[in-house]
Amino acid sequence: MNNVNTTPSLSVIVLAAGKGTRMKSPLPKVLHPVVGLPMVMRVLNVAKSVGAKELRVVVGYGESLVRRVIEPLGATAYPQKEQKGTADAVASADPASLNGLVIIMNGDNPLVEAKDLKSVIENFNEMKADLAVVTAVMKNPGSLGRIVRQKGELKAIVEAGDAGAETLKLREVNSGMYVAKAEVLARLLPKVKPNNSKGEFYLTDIISLGLEEGLKVVAIQARPQVAFGVNTQAELAKASRVVFNRNRRRLLENGVVMVDPNTVYVEDDVEVGSGSVVYPNVYLRGSTKVGSYCVLEPGVHIISSTIADSAHIKSGCYFENAIVGEKVQIGPYARLRPESHVGREAHIGNFVELKKTTFGARSKAGHLTYLGDATIGEDVNIGCGTITCNYAADKKKYQTTVGNGVFVGSDVQFVAPVKIGDGATIASGSTITEDVPAKSLAIARGRQVNKPDWTPKG
Ligand code: UD1
Ligand code: MG
């Protein structure tokens, strides 16, 4: 028996050539971020998540910048030479070379979710449609194209600028998203003529053209968010608010305690375990994963870091690409720079900075310390004001290694490269330039001299 794969291939064409004049920003509109991700990236991510393999983006304004965002996602840029309208834009993406189903999406509609796209495709397949426009019923349809029906059946899309007073009253609008069989799209597009007030090639015309040919052309209704397009900074902020709410709700539903959710900044990939408490003005960004029963005090800012259960992160900490073990206590005002690894039950206090440093379990650095390119063992005490001198005059970085159970007094400098053996003690104020054997005491400072009966001159 032949093993025939009956699922048609799925492609997406994203329209993103516009400048977005009303954004009043030099950045191409589709690159404006909504909660950390450029709008066009959100659109592509959603298309990918429903199985779109071929990702084509119509580019124009800011082409090279847009390419830098979309190409790493596996998408291909299709330049549109002149912006002659949405139909011309789709034609620029060479739909004749596609098979199966094509979804057309606007690069500036950032609120579409995978569930929306899934249900649109399911509907399309169930109805055995050839072409579909995705619609939504809006409170304020504004300048969006109106969906004209006759006896419930889709008849046409009329642009607001071309619509009469009665048509403008319609509240069902064109979201700007379409699904079509590739061959239908390729056949209808060349038939579009610029017969409208703007003299543009309107993609919306393929609806009436398809109906004239007797094809199965349908309107599939979706949530109003699907039709939410960003044209201004105010609308961008509104879109961000929607995504923040979505992300915060996800954490709340997972049992995270938030004292004032509206002030917490949460990006899409962030996870927080149940029973953790997140205070106001906390920023959780990138791929950050926080365990259960953690406390994140006000003003904590965490980027793509992993924090194990029962950690207490005090106010004002800033972590980036760091890994933190269970039951640690960090801050207030500590900074973990990339590749910092803090072991379980460790304590990092105020004004301590770690960079490319592994800090062992149960070790402590309570105050005013810089540890860079260092490996600190377990059960180590790092005294106040200790620093690693990791960057040398030759502009290279050198390693400091401190063994288990070492006691480092206050105000010590480790001039790297240097190794301290297990159980050693470093006297306060020492400048350590040579290795220290295990279990020994190192003192490296000028001796104190007391001069009796001495008063300053003059
Ligand atoms: C379009 C629809 C309208 C729908 C609305 C939804 C048409 C004629 N009208 O209107 O019915 O309600 O979207 O948002 O299609 N673009 C290009 N090249 C072009 C023109 C546009 O890439 O030559 C891109 C834009 O950058 C944008 C998208 O296509 O991402 C939509 O274009 P836009 O000018 O915003 O169309 P609307 O007038 O809003
Ligand atoms: Mg628009």
Side-chain angles (χ1 to χ4, degrees), residues 12-23 27-32 38-44 56-63 65-66 70 77-95 103-112 131-138 140-148 154-163 167-168 170-178 180 185 188-189 192-209 219 221-222 224-232 235-236 239:
V12 65
I13 296 175
V14 179
L15 306 190
K19 175 170 191 266
T21 313
R22 285 192 285 154
M23 297 300 282
L27 194 66
K29 177 159 81 171
V30 294
L31 296 189
H32 283 76
M39 291 195 271
V40 68
M41 191 168 175
R42 288 190 170 273
V43 172
L44 286 170
R56 298 186 176 186
V57 180
V58 180
V59 296
Y61 179 79
E63 178 183 334
L65 279 178
V66 177
I70 63 152
Y78 282 78
Q80 183 192 17
K81 287 185 196 74
E82 235 184 291
Q83 280 183 41
K84 293 189 287 187
T86 42
D88 180 70
V90 176
S92 309
D94 189 19
I103 314 168
I104 298 167
M105 299 173 83
N106 276 348
D108 54 3
N109 281 34
L111 299 182
V112 182
L131 170 64
V133 55
V134 179
T135 70
V137 176
M138 308 294 266
N140 304 308
S143 64
L144 293 171
R146 302 300 199 271
I147 300 297
V148 178
L154 174 65
K155 277 289 156 235
I157 304 173
V158 178
E159 289 308 289
D162 299 311
T167 308
L168 279 176
L170 297 170
R171 287 173 46 226
E172 188 182 7
V173 300
N174 170 15
S175 70
M177 185 154 90
Y178 309 78
L185 187 62
L188 295 179
L189 277 174
V192 173
K193 299 279 176 305
N195 299 330
N196 50 64
S197 56
K198 283 194 189 163
E200 285 187 357
F201 294 86
Y202 282 177
L203 181 58
T204 46
D205 288 353
I206 61 171
I207 299 299
S208 36
L209 288 167
Q221 268 192 23
Q225 287 189 0
V226 173
F228 185 85
V230 169
N231 295 299
T232 61
E235 284 166 353
L236 182 72

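Just so you know, ligand 1 is whichever comes first in the structure, and atom 1 is the first atom listed for that ligand.
- When each of Val90, Val133, Asp88 is paired with Leu203, the side chain to side chain contact (heavy atoms under 4.5 Å, CB included) condition holds for Val90 and for no other.
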Provide, line by line, the atom pairs where ligand 1 and the protein bring an N/O atom each to a distance under 3.5 Å; else say none.
unit_1	atom_1	unit_2	atom_2	d
ligand 1	9 (N)	Glu159	OE1	2.9
ligand 1	9 (N)	Glu159	OE2	3.1
ligand 1	11 (O)	Glu159	OE2	2.6
ligand 1	11 (O)	Asn174	ND2	2.8
ligand 1	12 (O)	Gly145	N	2.9
ligand 1	12 (O)	Asn174	O	2.7
ligand 1	14 (O)	Asn106	ND2	3.1
ligand 1	15 (O)	Thr86	OG1	2.6
ligand 1	18 (N)	Gln80	OE1	2.7
ligand 1	22 (O)	Ala17	N	3.1
ligand 1	23 (O)	Gln80	OE1	3.3
ligand 1	23 (O)	Gln80	NE2	3.0
ligand 1	23 (O)	Lys84	N	3.4
ligand 1	23 (O)	Gly85	N	2.9
ligand 1	23 (O)	Gly85	O	3.1
ligand 1	26 (O)	Gly18	N	2.9
ligand 1	30 (O)	Leu15	O	3.0

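- Looking at Thr86, Val43, Val30 one by one, the single match for side chain to side chain contact (heavy atoms under 4.5 Å, CB included) with Leu15 turns out to be Thr86.
- Shown here are the side chain to side chain contact (heavy atoms under 4.5 Å, CB included) partners of Ala77, two or more places apart in sequence or in another chain: Val59, Arg67, Ile70, Glu71.
- Evaluation of the side chain to side chain contact (heavy atoms under 4.5 Å, CB included) rule for Lys198 yields Asn196, Glu200, Tyr202 as partners, not counting sequence neighbours.
- Checked against side chain to side chain contact (heavy atoms under 4.5 Å, CB included), Pro224 has the following partners two or more places apart in sequence or in another chain: Met138.
- Proximity of Arg42 to Leu111: side-chain heavy atoms (C-beta onward) are nowhere separated by under 4.5 Å.
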